[in-house]
Amino acid sequence: MSKNQPTSTNDTMQKIVALCRRRGFIFGSSEIYGGIGGFWDYGPLGVELKRNVKEAWWNDMVRNPPPGPDGTEYQMVGVDCSIIMNPKVWEASGHVGGFSDPMVDCKECKARFRADKLWVPMHSVFHNVPPNYSSWVLHDANCAEADSVQEAQEYLGTDPSREVQERSGGKKVTLEAHRFLDLCKMQQQLIEQQSSPSSARRRSPSEGSLNDAFFLAHRDWMTQLGCPACKKRGKLTEPREFNLMFETFVGALQDSTSKAYLRPETAQGIFANFKNVMDSTRVKIPFGIAQIGKAFRNEINPRNFTFRSREFEQMEIEFFCHPDTSRMWYEFWRDVRIKWYESLGIKSEKLRPREQDEDDLAHYSDACTDIEYLFPFSDEPQELEGVAHRGDYDLKAHGKSAKGKENAFAVIDDATHERFVPHVIEPSAGVDRFTLASITEAYTYDENRASPEFMKFHPRLAPIKAAVFPLVAKDGMPEIAEPIFRELKKHFPCQYDAKQSIGKRYARMDEAGTPFCFTIDGQTKDDGTVTVRNRDDASQIHIDKSKCLEYLRDQLGL
RNA sequence: GCGGGCGUAGCUCAAUGGUAGAGCAUCAGCCUUCCAAGCUGAAUGUUACGAGUUCGAGUCUCGUCGCCCGCUCCA
């Protein structure tokens with residue numbers, strides 16, 4: 001094994017990051033000023049790659065979507081919505097209230113916890129919790145074991161003035177019972193009034209649904225809880241809000257009335273335009289609205305190269321269908337999306353659809369599948385895309401918030417005259433995540449090659465499709481090569497290079513992931529053939545110099 | 001956000017508190033008839049940033065920023 005060969009997953013990731021930077025795929029943003037965490041720039045090769053990702057998606061999902069289940073016809077249309085929207089959008093969607101993580105720190109051991117995780121555990125000692133509690137109460141590892149009254153008391157503190165005896169289902173619980181019951185009731189209300197489809201999409205109903213009123217009511221009490229890490233009491237700070245939305249101001253005046261947000265997801269722009277699209281395009285259920293665009297989340301701790309960035313791009317479809325067919329469409333899109341990744345060179349063994357447990361789902365949601373990919377930086381597959389069954393939640397939420405009626409955005413079936421609010425299936429993919437996946441998937445190390453590192457991009461994604469080289473820059477070879485290059489570049493992104501040794505030029509193309517190189521050599525003048533060099537196995541064949549474009553089209557399948 | 005580690009040329013790294021260097025990569029020229037070859041030359045730095053100690057700081061001290069690792073977090 002060569003000493004430069006990657007030896008660990010982390011080593012591989014470092015080499016990939018280095019190659020991305022060296023060859024102009026991805027740079028850290030604002031590097032000349034020391035950089036800024038969570039923001040990335042795409043260089044000359046990276047922007048071609050990322051455009052190819054987006055164009056493949058737009059072409060395959062919007063302009064030429066696959067036939068539906070049982071050959072069902074459906075329409076797909078696109079939109080491109082503004083990044084900044086009326087803040088009411090984010091109130092209706094639940095992001096303003098719910099798109100934040102209230103956190104507490106332990107002053108003793110410096111550990112940090114989500115505030116809601118501290119009190120959820122305590123409910124596990126009650127058996128009169130609502131049935132749907134049982135599953136998510138055990139969500140927290142600390143509490144899964146907290147089945148004894150004593151352990152519950154650990155959390156509550158032992159101040160006698162706080163203790164109240166509560167008999168419940170034969171179990172005698174000694175703690176501040178009325179507070180406890182308040183919590184139970186409040187939490188039940190929060191679940192029933194759950195108004196945050198997005199925040200609830202991947203969180204259990206108990207999490208992230210806390211609002212200011214809750215903290216105002218229980219602020220003092222919560223700081224008395226024991227720290228789950230070091231078990232010391234009274235060391236926790238008050239819960240603090242960590243809102244993940246970027247704020248800005250519209251207009252010159254910077255006050256609360258001008259506050260606005262950079263969108264944390266592109267989906268809401270589609271919902272907000274649902275009626276506009278319906279009224280202007282003659283689409284009929286079932287149909288989809290697609291959008292590619294930037295979104296912003298002020299992540300606490302961006303990591304793993306571009307995987308978790310603060311500014312990122314999404315490719316989202318909101319597919320509207322009749323409630324009776326929603327399950328079918330959900331399964332359809334889940335399968336379509338997995339196949340799409342495979343069609344672009346992602347090996348199926350590195351892809352994993354992970355269906356969320358029914359217990360984890362929000363109460364209005366029928367299903368959600370994360371399509372995950374095994375990146376080199378992790379032992380566990382990480383989310384590339386979420387295919388969510390959102391039910392009629394979003395349209396009803398906006399209908400109620402904007403028009404005062406839940407069914408304001410209902411549609412009418414012409415045949416049956418049935419009036420209904422469509423259900424929504426949402427395949428939501430991360431452009432940067434798949435771009436990164438295509439990079440890590442393409443990265444190949446073969447110590448037997450003169451240039452061991454090369455990028456085995458799928459032809460559709462390769463930033464440069466071909467290069468044209470004169471073997472040496474004399475003997476009339478450049479004069480033959482240049483016209484071939486000029487012809488090819490009309491149809492494909494191509495490069496011409498006559499400098500330095502042929503091996504070095506091949507190596508550079510290997511790192512850029514260029515599938516084919518056409519080399520004009522001495523034989524070209526004799527019999528009119530050029531050498532085609534294949535990136536993946538460095539093999540060579542001869543074809544007539546007039547057939548380069550035809551050969552490329554054939555091989556690339558484009 | 002916490003703890004630990006690290007910041008010198010594009011990359012990998014040198015330089016006892018005393019003139020900031022090498023290899024690779026890049027560029028130019030020559031050479032070269034298929035895989036990062038060779039020769040000659042060139043360019044490349046406010047040593048992350050900012051203070052302090054010192055006659056003198058890449059080197060010692062402090063702060064800031066960034067990156068990496070581990071926690072934490074990831075609607």
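In what follows, chains are A, B, ... by sequence order, proteins preceding strands, each numbered from 1.
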Does the B:rC35 base have a donor-acceptor partner in the side chain of A:R533 within less than 3.5 Å? yes

Which residue lies toward the 5' end of RNA chain B, A:R449 or A:Q382, if each is placed at its nearest nucleotide? A:R449

Look at the side chain of A:R23 and the base of B:rG10, then say whether one donor and one acceptor between them are separated by less than 3.5 Å. no

OP1 or OP2 of B:rC69 less than 4.0 angstrom from a side-chain nitrogen or oxygen of A:Q14, does that happen here? no

Look at the side chain of A:E511 against the base of B:rA36 and say whether a donor-acceptor pair falls under 3.5 Å; ignore hydrogens and angles. yes

Only residue of A:Y373, A:F434, A:F375, A:F312 satisfying ring-ring contact (aromatic ring centres under 6.0 Å, His included) with A:F307 is A:F375

Has A:K504 got a side-chain N or O lying under 4.0 Å from the OP1 or OP2 atom of B:rA37? yes

Considering just the side-chain nitrogens and oxygens of A:K474, establish if one lies under 4.0 Å of OP1 or OP2 belonging to B:rC31. no

From CH2 of A:W40 across to C1' of B:rG66 the rounded distance in Å is 11 Å

Any donor-acceptor N/O pair, A:Q314 side chain to A:T266 backbone, under 3.5 Å: yes

Listed once per pair and sorted, the ring pair (Phe, Tyr, Trp, His ring centres under 6.0 Å) pairs that draw on residues 513-539 of chain A, sequence neighbours left out: A:F516-A:Y551

What's the spacing between A:H389 NE2 and A:W333 CH2 if we round to 0.5 Å? 14.5 Å

Contact nearer the 5' end of RNA chain B, comparing A:I502 with A:R21: A:R21

Can you tell me whether the side chain of A:T531 and the base of B:rC34 have a donor-acceptor pair closer than 3.5 Å? yes

Does a side-chain N or O from A:K499 land closer than 4.0 Å to OP1 or OP2 of B:rC27, or not? no

Angle between ring planes, A:W40 versus A:F305, binned at 30° and 60°: parallel, tilted or perpendicular? perpendicular

What stem regions, each of at least 3 consecutive Watson-Crick or G-U pairs below 3.5 Å, can be found for RNA chain B? B:1-7 with B:65-71, B:10-13 with B:21-24, B:26-30 with B:38-42, B:48-52 with B:60-64

